[in-house]
Protein chains: 2
Amino acid sequence: MNESAPLRPLTERPRIEDVAILAGTSAMTVSRALRQPGKVAAETLARIMAAVDALGYVPNLSASSLASRRSGILAVLVPTIGNSIFSETVRGLADAVAAADLHLLIGDFGYSDDKRRKLVRALVGRQPDAVVIVGAVHDEAVRASLRRQAAPVVETWELSPDPIDMIVGFSNFEAGATVARHLLARGRGRCAFVGGLESRAEARLAGFAAALAAAGAPPPETEVPADLSIAAGREAFGRILARAPDIDGVFFATDVMAVGGLLECQRRGIDVPGRVAIAGLGNLEIGRQMQPALTTIEIPAYAMGHRAGELILARLAKEDPSASGRVIDLGFALLTRGTT
Amino acid sequence: MNESAPLRPLTERPRIEDVAILAGTSAMTVSRALRQPGKVAAETLARIMAAVDALGYVPNLSASSLASRRSGILAVLVPTIGNSIFSETVRGLADAVAAADLHLLIGDFGYSDDKRRKLVRALVGRQPDAVVIVGAVHDEAVRASLRRQAAPVVETWELSPDPIDMIVGFSNFEAGATVARHLLARGRGRCAFVGGLESRAEARLAGFAAALAAAGAPPPETEVPADLSIAAGREAFGRILARAPDIDGVFFATDVMAVGGLLECQRRGIDVPGRVAIAGLGNLEIGRQMQPALTTIEIPAYAMGHRAGELILARLAKEDPSASGRVIDLGFALLTRGTT
DNA sequence: TACGGCAATGTTAGCGCTATCATAAACATC
DNA sequence: GATGTTTATGATAGCGCTAACATTGCCGTA
């Protein structure tokens, strides 16, 4: 048995220095071996890897970030991780940046501007190499603090002529207008809208109302749901029917709520689309599987995340800021199915 | 105009030193002002806050972590962020730790053991103050590397007599057995199970099969779905019916798949629960809203996250490791509704 | 033999914070 | 007034890494 006392207690995590000593080399060579194995002689590399395994060494990324000024963090801000449509965007993003070693630091701001402000502060402090936000940011203080930091910022899910840095989205206004024109074409003259609580839904309503007005139709009855659940969609639909029994077309700002509306019709024995046409937005699986299947706006949820990731990688690769201010419209598609 | 050239380019982010100079104090006092405002004189505090605002100073948390040996990061590993039931657990966790300033670093391992291994390495490198994992970890290498680090680790969604550190869950085995006994009590003698792909579903199947066997019923027909979607549930159900047309009770490992089964019955005109009884697990909103409403096992998704957060805070507060090895069973409940 | 070039490795000096201890000033106690 | 006690602040020394610049030895070429 080796009786020499260890210099540092074994309970502490090994540092790069410990690996270097065990491998009979220097800290710098270990650092290189782990990040650019090609720059280290094969024999040295093997000794270092053996030492890493023996000690269970895991580099301290805080120290690494501090020294290299690269955190390896991609900060992602979403309104809520509970919504599977946003997680599609996150998945697209993760897939796009999978090769680069960036880790997603996901923050959930619960649709609250105040929480988002705090989240931005906290995330910026971690020196992210890039920031992706679901939704355009309108709060000037937040915009300023995101602009001030060097990392690329991509907003998504909306279009804005004046993005913080880059924006990848679709026109919520046009989506609303498209649904209105579709309902009008189906002979629906008395339309309603269910949605609110966030700027994207408001843009959809604006487009919806504008297209109705352009066609000379009366303005939509509107209901703001309590939340974005099926039950909230049901209840909002019930309130609309109570207020305006002659409604013959309803656009729900999300498929989940639209499914609520559809289920409520089925419960009440209201014929869809005979008496009331229903449309949603998101092309979620549940809408596709309903009977009749839900007419909806398919949005590029995955693609927006993926494209955001590509933009980020391009910017991080070359020091080329020419992409700044870029606005990318990925469009959307109306999927006409059984409910209209 | 002040003509003196700045010592550092203005484009660089301000450091704590810059704030200190502007406020006419020292870096240490600024650091204290931001973390323990009570320990700084009111007047000094005001000057410092003014300087922070003026410069838009945001502390570099990498440096902070390195110096303080506290990262403020709570690492969360989930099989997929796309599943809203796991996001309930994350929400419970977030709520529980909201006051402590811990940030959730969420990693998604896509149900892949290999990805999880990599994710653990990456997350451990960020020196998390705590780790929460959805699912028990069986991979010995991963268990070892999580054990080696000092931070508390909480596994969730399963029970295991030998947790890495702590575990908060429910018995998937018992959940399966409970559903089996319920179906038997409803006179269903020919049962099937749809699920797989992960250890929790396998435990449910084991319990389901054991309870059937104990009652002398034939072993369940089982189908492993392609994924965990509604469509996969539909298809698996179709295959079961083709193989065993006399099936009169089906337990789906998740509500989403169960909804698929229910919709498939409706499409085929199969009476539920007259001819086939259906049960799911998760108590998701869609199951509650279906007509007839889905019988399901309600699991403590939110509570598991919340309890995990509480355990972590307790451990971080006092240096009391007595909670180690703790196994907490939060149970589950059978919600009998229209489909059985 | 001398020289430049290259590959492999090492040395030094921070990155921007905070733990720790020292100091100074203000106050209370006898 | 001498002494302890508290409160506010500051000086110093790292935390564990990596950028940038040596240094070393080896090769080919003049």
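These numbers were taken from a predicted model, which means no experiment stands behind them. Each chain gets a letter, A, B and so on, in the order the sequences are listed, and its residues count up from 1. What's counted below: heavy atoms across the whole structure, side chains too, no hydrogens, waters or symmetry copies.
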In a table with atom names and distances, give each donor-acceptor pair under 3.5 Å that connects a side chain of residues 22-29 of chain B to protein atoms at least two apart or in another chain.
residue, atom, partner, partner atom, Å
B/Ser26, OG, B/Thr29, N, 3.4
B/Ser26, OG, B/Thr29, OG1, 3.3

Once side-chain contact (heavy atoms from CB on, under 4.5 Å) is applied, do any residues pair with [X], and if so which ones, sequence neighbours excluded?
{"X": "A/Ala94", "value": "A/Leu104"}
{"X": "A/Lys118", "value": "A/Asp114"}
{"X": "A/Ser87", "value": "A/Ser84, B/Ile81"}

Between [X] and [N], is there a side-chain N or O to OP1/OP2 distance below 4.0 Å?
{"X": "A/Ser31", "N": "D/dC17", "result": "no"}
{"X": "A/Arg35", "N": "D/dA19", "result": "yes"}
{"X": "A/Ser64", "N": "D/dT18", "result": "yes"}
{"X": "A/Tyr57", "N": "D/dC17", "result": "yes"}

Atom-pair distance ([atom1] on [X]; [atom2] on [N]), nearest Å:
{"X": "A/Gln127", "N": "D/dT18", "atom1": "CD", "atom2": "C1'", "value": "16 Å"}
{"X": "B/Leu61", "N": "C/dC17", "atom1": "CG", "atom2": "C1'", "value": "10 Å"}
{"X": "B/Arg13", "N": "C/dC15", "atom1": "CZ", "atom2": "P", "value": "15 Å"}
{"X": "B/Arg70", "N": "C/dT18", "atom1": "CZ", "atom2": "P", "value": "11 Å"}
{"X": "A/Arg126", "N": "C/dG16", "atom1": "CZ", "atom2": "P", "value": "17 Å"}
{"X": "A/Arg69", "N": "D/dA19", "atom1": "CZ", "atom2": "C1'", "value": "9 Å"}
{"X": "B/Leu66", "N": "C/dT18", "atom1": "CG", "atom2": "C1'", "value": "10 Å"}
{"X": "B/Arg15", "N": "C/dC15", "atom1": "CZ", "atom2": "C1'", "value": "10 Å"}

> Taking only residues two or more places apart in sequence or in another chain, which ones pass salt bridge (Lys or Arg N to Asp or Glu O under 4.0 Å) with A/Arg35?
Replying inline: none
> Any Lys/Arg nitrogen of A/Arg307 or A/Asp95 sitting under 4.0 Å from an Asp/Glu carboxylate oxygen of the other?
Replying inline: no
Please tabulate, one pair per line, each protein N/O and nucleotide N/O from nucleotides 6-10 of chain C that are separated by under 3.5 Å, including the distance.
residue, atom, partner, partner atom, Å
C/dT9, OP1, A/Thr44, OG1, 2.4
C/dT9, OP2, A/Ala41, N, 3.0
C/dG10, OP2, A/Thr25, OG1, 2.6
C/dG10, OP2, A/Ser26, N, 3.0
C/dG10, OP2, A/Ser26, OG, 2.9
C/dG10, OP2, A/Thr29, OG1, 2.9
C/dG10, N7, A/Arg32, NH2, 3.1

>> Does atom CD (B/Gln36) have a neighbourhood of more than 12 heavy atoms from anything else shown, all under 6.0 Å?
In response: yes
